[in-house]
2 protein chains.
Amino acid sequence: MAGVAVSTVSYVINRSGQVSEETRLRVNSAINALRYEPNLLARNLKAGRAGSIGLIAPDLRNPYFAAVASGVQDIAQSRDMLLVLCTTQSAQHWENYYSQVLRARRLDGLLFLSGSGMLTPSLMELVQSDSLVLVDERLPGLDVPSVVSTNRRGARAVADHVLSQGHQRVGIISGPPNLWTAGQRMAGYREALAAARIDPDAVPVVAGDYQQESGYAAARILLSGAPAARPTALICANDLMAIGAMVYCREIGLDVPRDISLCGFDDIPLASLVQPGLTSVDQCGETLGRSACRLLLRLIAQPSAEDQDPIETDHPTKLVIRGSVVPPVAA
Amino acid sequence: MAGVAVSTVSYVINRSGQVSEETRLRVNSAINALRYEPNLLARNLKAGRAGSIGLIAPDLRNPYFAAVASGVQDIAQSRDMLLVLCTTQSAQHWENYYSQVLRARRLDGLLFLSGSGMLTPSLMELVQSDSLVLVDERLPGLDVPSVVSTNRRGARAVADHVLSQGHQRVGIISGPPNLWTAGQRMAGYREALAAARIDPDAVPVVAGDYQQESGYAAARILLSGAPAARPTALICANDLMAIGAMVYCREIGLDVPRDISLCGFDDIPLASLVQPGLTSVDQCGETLGRSACRLLLRLIAQPSAEDQDPIETDHPTKLVIRGSVVPPVAA
DNA sequence: CTTTCGACATGAACCGTTTCACATCTTCGA
DNA sequence: TCGAAGATGTGAAACGGTTCATGTCGAAAG
């Protein structure tokens, strides 16, 4: 050292306490000479906070999740928070693992994008104690802070649009049944069908897992009937599956949109780049991520209870019309 | 507690030391009763390691970076390492900020994907001391561990392919000049041009920034000449820019590939989904990420010096031929 | 009956900070 | 001349673990 107690150094670094100008200078020059850097690990141990938040999400490759993550990181960055990224491949096993690890590491908060739609045991414990925000997921009984987009309304809008073109025979590729978003979107579709005087229960539905391949497979099933009985439009619960379906349609010689209309959900960047552009619902993952991160940081700042800020916020969705939906040819 | 010293508890948890079966049981049941969880912050402070590594990358929205990140996370996950994600928007300011923060936090290692092509001061300090692995970037003088793909060879291959179709007038949309990858790709293009007896210096080149918009803008410049003098093929240094160029070509009424051929680099998922499929070079970001992470963990395990493992590894690239490149119509 | 040894358990030091409470030294007013 | 009040600096106790060096005890060995 340079002739001074460690506590003094601490005061110099933190600009707190009263330190004379002279010693301050002395300490600072010593710091420079020694290329000293405070050990944040120790600082955090003392402070009892980690200075970082965790993001648990199924998979970065999905552009929607990437968008959310990007929004989260934006806010975290501006608040000097580090972002720990955990991917689960939608496996409960990993969801559980990470919620445990992140708790043990005493992260300040957790953002959770569920891939499985279930709360794992470890997550369950987080619900009460720590700061946890669910993104695009809402639990039936529990009162967990969450940020979601208006999935049902968006689904209703896009389905309305498809039906308004005159399609009578439609097929639905839905999401994983136990995911909240999938349920909401399905509800929106059914609303639209009912409004168009089509019996929702008579419409063929195949569930996918939000991945492109499952869209491909689901399309195969939905289009396996006789051409006359085939749907003239496929309503897909997300863009990736819609694109998978599009690939399948092309493979069997169907022209999109002439022979079959297609719509998606999420409005990932890809949606505007495929040919024809995919009609979709924009839920702006980035905004969602930002908003979720802001909520989380607010919860961290004032540990729960008496804040009257809404604990669940809804984000608007927007119908984005492109070329993939047109009136059916045989109309 | 349940009648035993804290050191004993520590031994129980870590299975080290010699603890009788009886006390072990007693301690364990107390642990369960109290829902005790060791504080990893403290553990890490003592151990002097953080149990996490950092990934500094320009932007998650770019599917190539997302792929790399995904590969990194795969390996980290399997090694019980947490991944701290930092995005820089290619700004030196943030690159510098994060390399400093991550050092102060005593992260175990750092993976760096440069967006600016320069080593910032803080990163410079990391070069010597800590464990740092560069991904798809190589510094001229310095001997920094790095994992790269064979950019030059890949570029050569795709350019060879374009030229072999008979294109005489080509234009190049290159990457940011001070990025290593951009330089390598450019070198590959020039090799191919020379081999096809075209003077590389006579070929129009516009530099973009690897983003889609810049591809759009670059295409506008390259295609601004008289139709007869216009390039019949655009060689783009990455897929995003190629797609931007494709959008521009369509806007001015050019048909891809009939009127103009286009090729990219990276082979992001999008490349196979646009219409026509984009001819590209697969460098498998995920594999790269995995490999980089593995190298980093190896460096962390045995702190440098006498390991004869190669410190720079090259990953092969693969030409992926799709429909976007065909012979010029006027050939 | 003493010594030796191994099996268990423990106290205390340490990791690198922050922060409270106190010690020291001026300086100033009464 | 003395005491009080600032102004500065410091020692030590945390934070929550790990781990070394001991200590204690019973049993086997001499």
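Just so you know, these numbers use all the heavy atoms, side chains as well, and skip hydrogens, waters and symmetry mates. In the text below, chain A, chain B and the rest are named by the order of the sequence lines, each starting its count at 1. Quick caveat: nothing in here was measured; it's all calculated off a predicted structure.
A donor-acceptor pair under 3.5 Å is formed between the side chain of D136(A) and the backbone N or O of S149(A). Side-chain atoms of N96(A) come within 3.5 Å of backbone atoms of S122(A) as a donor-acceptor pair (strictly under, hydrogens ignored). Without hydrogens or angle criteria, N238(A) side chain to Y210(A) main chain gives a donor-acceptor distance under 3.5 Å. Within the 3.5 Å criterion, the main-chain N or O of T87(B) finds a donor-acceptor partner in the side chain of Q77(A). When atom types are taken as modelled, the side chain of D108(B) and the backbone of G51(B) share a donor-acceptor pair closer than 3.5 angstrom. Although no hydrogens or angles enter the test, the distance criterion places a donor-acceptor pair under 3.5 Å between the side chain of E95(B) and the main chain of S116(B).
For the residue pair C284(B) and T287(B), the shortest heavy atom distance occurs at SG-OG1, 2.7 Å.
T8(A) has a side-chain polar atom (N or O) that falls below the 4.0 Å cut-off from OP1 or OP2 of dT10(D). Between N14(B) and dT18(D) there is a side-chain N or O to OP1 or OP2 distance below 4.0 Å. When the side-chain nitrogen and oxygen atoms of Y36(B) are compared with OP1 and OP2 of dG17(D), one or more of them lie within a distance under 4.0 Å.
As a whole-Å value, the separation of N44(A) CG from dG17(D) C1' is 15 Å. Computed from coordinates, the N39(B) CG to dA14(D) P distance equals 17 Å when rounded to whole Å. If you measure from atom CZ of R43(B) to atom C1' of dC15(D), you get 15 Å, rounded to the nearest angstrom. Remark: P of dG9(D) and CG of L25(A) are 12 Å apart, rounded to the nearest angstrom. Protein atom NZ of K46(A) is 15 Å distant from nucleotide atom P of dG17(D), rounded to whole Å.
At a threshold of 4.0 angstrom between heavy atoms, the contacts of E21(A) with the nucleic acid are absent.
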Using the 3.5 Å cut-off, write out each protein N or O paired with an N or O of nucleotides 22-28 of chain D and the distance between them.
none

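Both E22(B) and S10(A) lie close to DNA chain C; mapped to their nearest nucleotides by heavy-atom distance, the more 5′-ward contact belongs to E22(B). Mapping S7(A) and S7(B) onto DNA chain C by nearest heavy atom places S7(B) at the nucleotide closer to the 5' end.
Judged as a salt bridge (Lys or Arg N to Asp or Glu O under 4.0 Å), and not counting sequence neighbours, R106(A) has no contacts.
Interface limits on DNA chain C: the 5'-most and 3'-most nucleotides within less than 4.0 Å of chain A heavy atoms are dG16(C) to dC20(C).
When side chains are defined from C-beta on, L126(A) does not count as touching L102(A), because their heavy atoms never get closer than 4.5 Å.
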